[in-house]
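This report concerns only the one structure given below.
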Amino acid sequence: MTSGDGRAEWTKRWQAATSRLAAIRHAELSRVDVATFTMSMNDAFEAARHSAPVPTTSGLVIQQRLLALRRVWISSLLRQQRSST
């Protein structure tokens, strides 16, 4: 990295902006009415909940199925490798 490539200046600008951006974020979050926001999102949440398909298995069952498929795939690769050597 050379001194003329602008990286040092870029880094300085972002370091200076960090505190200003944090102040803006804090000011915006302090004005948020959480109760109003939660109520406004309730309809969207309920619509998504009702339109989503009901899972027939747990994520653990799916994970175990994928791991079993992976074991079969790896075994077949190893057999192919052994037969080609």
Under 4.5 Å between side-chain heavy atoms, chaining through other members, with only Ile, Leu, Val, Met, Phe, Trp and Tyr counted: pull out the rest of the cluster around M41, sorted by chain and number.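 Taking Ile, Leu, Val, Met, Phe, Trp and Tyr as members, M41 shares its hydrophobic cluster with F37.
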Please go through L67's hydrophobic cluster and name the other residues, only I, L, V, M, F, W, Y counting, with side-chain heavy atoms under 4.5 Å joining them.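 None; L67 is a cluster of one.
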Please report, to 0.1 Å, the donor-acceptor pairs under 3.5 Å made by any side chain of residues 27-35, with sequence neighbours excluded.
{"unit_1": "S30", "atom_1": "OG", "unit_2": "H26", "atom_2": "O", "d": "3.3"}
{"unit_1": "S30", "atom_1": "OG", "unit_2": "A27", "atom_2": "O", "d": "2.8"}
{"unit_1": "D33", "atom_1": "OD1", "unit_2": "A35", "atom_2": "N", "d": "3.3"}
{"unit_1": "D33", "atom_1": "OD2", "unit_2": "T36", "atom_2": "OG1", "d": "2.6"}

Donor-acceptor pairs under 3.5 angstrom involving side-chain atoms of residues 17-25: please list them, not counting sequence neighbours.
{"unit_1": "T18", "atom_1": "OG1", "unit_2": "W14", "atom_2": "O", "d": "2.7"}

Using the test salt bridge (Lys or Arg N to Asp or Glu O under 4.0 Å), find all partners of E46 that sit at least two apart in sequence or belong to another chain.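 Testing E46 for salt bridge (Lys or Arg N to Asp or Glu O under 4.0 Å), a comparison that skips the adjacent residues, returns R49.
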side-chain hydrogen bond (donor to acceptor under 3.5 Å, both in side chains) partners of residues 52-73, not counting sequence neighbours, each pair once: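 Qualifying pairs, neighbours excluded: none.
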